[in-house]
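Heads up, the thing below is written out as structure tokens.
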Number of protein chains: 2
Amino acid sequence: MNPLYIQVKKRITESLVSAEWGPGQSIPSEMELAKKYNVSQGTVRKAIDDLAADKILIRRQGKGTFVSTHKEENIQLRFLRLTEKSGKKEKLENKLISFEREKASNQIARALGVNTSSTLISIKRLLTFNGKPLILDFIKIPSVSFRGLTSEKVIEKKGSMYRMYETDFGIQMLHADEKIKAVSANKVSSSMLGVSEGSPLLSVERLSYTYDDKPIEWRLGLCVTLDHYYKTELE
Amino acid sequence: MNPLYIQVKKRITESLVSAEWGPGQSIPSEMELAKKYNVSQGTVRKAIDDLAADKILIRRQGKGTFVSTHKEENIQLRFLRLTEKSGKKEKLENKLISFEREKASNQIARALGVNTSSTLISIKRLLTFNGKPLILDFIKIPSVSFRGLTSEKVIEKKGSMYRMYETDFGIQMLHADEKIKAVSANKVSSSMLGVSEGSPLLSVERLSYTYDDKPIEWRLGLCVTLDHYYKTELE
DNA sequence: GAGTGGTCTAGACCACCAA
DNA sequence: TGGTGGTCTAGACCACTCA
């Protein structure tokens, strides 16, 4: 049998998946949950501690515990940071290049855990900072999870895709794995990004997961790293 | 006044810095520490929880709590992962190219928090996997923190530099920041790495920290990412 | 079986926030 | 002032390791 606090954690997660408590809202207090689950307040606390460590919940002393809605900006900011050179805040713009539905390729189907016969939405877009092309993004998401998504909607929601996933489809990205390589710009990517053919680009392949470690988005970003760099922290 | 468990955490950290408890050794049990610090066992537990989350301590049920010595392999492994293609274990080799003492440049001095007049040890080396060049490393460390380090010692300790730092100088790397870019191979790096000039390389600039968030090593790695990739996890 | 970390409880008090 | 999360305690029992 699992420890009690793990079971509590599971039940809280279920309430989050079923959207009983939505992003930004507060969940019941520790005492209420303790009564509801027939455990002590300390056990609920430990369960919430875990979820807060994963940034799924946010605690605010004196106010309550809230469902994280940090997907608005966070992954985006966590993704690429600006160099010190341009310390001022930069303007990000988002230009849609194409929006199509297509059959999943073997590779992507395996990554997303869907059938090869299933349909994906395939989005290409260009991100610019201060008017200069920075990232060329190829995004693939299962059509079935994003019914009704149109190119107009993507354009309309200028900001992060993740924000749109959350507000329009109730899908929250909880974590992601990335594989990073250095590649050469080919004809298409170089002209899109305004660099010469063969220039080095940072290739960032990302698989993003929602609740239950279910992969929900595959993305490849080609980044110009002349004035920017990718930042990580180890441990 | 700080919470008690923070103070306990601090006192434990002090014992780690002063090498009262060395890497790989066990620290006193929770009950003993509770008595020593005049707090309850639960408070010690919370302090240790924090340190274990930072991977500074490792708990082993039924055995005790141990000082992490994971620097042997861990940062190295965390650094570059092998592609699935070559699932088998690969052989890493480490070839020293140069070992010199030099004055710190402005940039590095600032990063390491030392004077520009101070002396650095500057190491260049080439890492190969299965005989193929993979990473060209430029490493700079303050001479004063690594008195008596010689090129022979670097060669002798074939494995990770971090292991040598720990065993020979009592310096443990606790975390690191990295800035990643894609760059073109120049004449020197291309010939060293066995790729053609202008090939894309992954440039990984790393600043590593020891206890108290003191920066202690600056490193630049140029990596060939044809058969390998850099792996990260977000959140 | 003795000793360790792991879980769980119950209750106390503190710090913060809002009405 | 009442409700929330944050800290701290004391004690119970469980799970694991090793002699």
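So that the names make sense, note that chain A is the first sequence line, chain B the second, and so on, each numbered from 1.
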Exercise for review: Evaluate the ring planes of A/Phe169 and A/Phe146, with Trp represented by its six-membered ring, and classify them as parallel (under 30°), tilted (30 to 60°) or perpendicular (over 60°).
Suggested key: perpendicular
Check whether any side-chain N or O of [X] sits under 4.0 Å from OP1 or OP2 of [N], and answer yes or no.
X       : N      : answer
B/Lys46 : D/dC8  : no
B/Ser29 : C/dG3  : no
B/Arg59 : C/dG6  : yes
B/Lys63 : D/dC18 : yes

Output the rounded distance in Å from [atom1] ([X]) to [atom2] ([N]).
X       : N      : atom1 : atom2 : answer
B/Tyr37 : D/dT9  : OH    : P     : 14 Å
A/Leu33 : D/dG3  : CG    : C1'   : 15 Å
B/Glu30 : C/dA2  : CD    : P     : 20 Å
B/Met31 : D/dA12 : CE    : P     : 12 Å
B/Gln41 : C/dC8  : CD    : P     : 15 Å
A/Ile58 : D/dG6  : CD1   : P     : 11 Å
A/Glu32 : D/dG2  : CD    : C1'   : 14 Å
B/Asp50 : C/dG5  : CG    : P     : 16 Å

**Study point:** Test: B/Asp177 and A/Lys231 ion pair at under 4.0 Å
**Key:** no
Considering only [options], which nucleotide approaches the side chain of [X] most closely?
X       : options              : value
A/Thr43 : D/dT17, C/dG6, C/dC8 : C/dC8
A/Gln61 : D/dT4, C/dG6, C/dC16 : C/dC16
B/Ser40 : C/dG5, D/dT9, D/dG6  : D/dT9
A/Tyr5  : C/dC8, C/dG6, D/dG6  : C/dC8
B/Pro3  : C/dT4, C/dT9, D/dC8  : D/dC8
B/Leu4  : D/dG5, D/dT9, C/dG6  : D/dT9
B/Arg45 : D/dG5, D/dA10, C/dT7 : C/dT7

Exercise for review: Kindly give the heavy-atom pair with the smallest separation between A/Ala111 and A/Leu207, and that separation in Å.
Suggested key: O-CD2, 3.5 Å
Exercise for review: Could you tell me the separation between the NZ atom of A/Lys46 and the OG atom of A/Ser40, rounded to the nearest 0.5 Å?
Suggested key: 12.0 Å
Check your understanding: Going from CD1 on B/Ile180 to OG1 on B/Thr232, what distance comes out if it is rounded to the nearest 0.5 angstrom?
Key -> 7.0 Å
Practice item. Report the C-alpha separation of A/Ile48 and A/Ile27 in whole Å, then their side-chain angles, then the decisive distance to 0.1 Å, and conclude whether the side-chain contact (heavy atoms from CB on, under 4.5 Å) test is met. Key: CA-CA 10 Å; A/Ile48 293 181; A/Ile27 71 172; 4.2 Å; yes
Review point. Mapping A/Asn2 and B/Gly62 to their closest nucleotides on DNA chain C, which lands nearer the 5' end?
Key: B/Gly62
**Study point:** Sugar-phosphate only, base, or nothing, as touched by A/Gln7 at under 4.0 Å among non-hydrogen atoms
**Key:** nothing
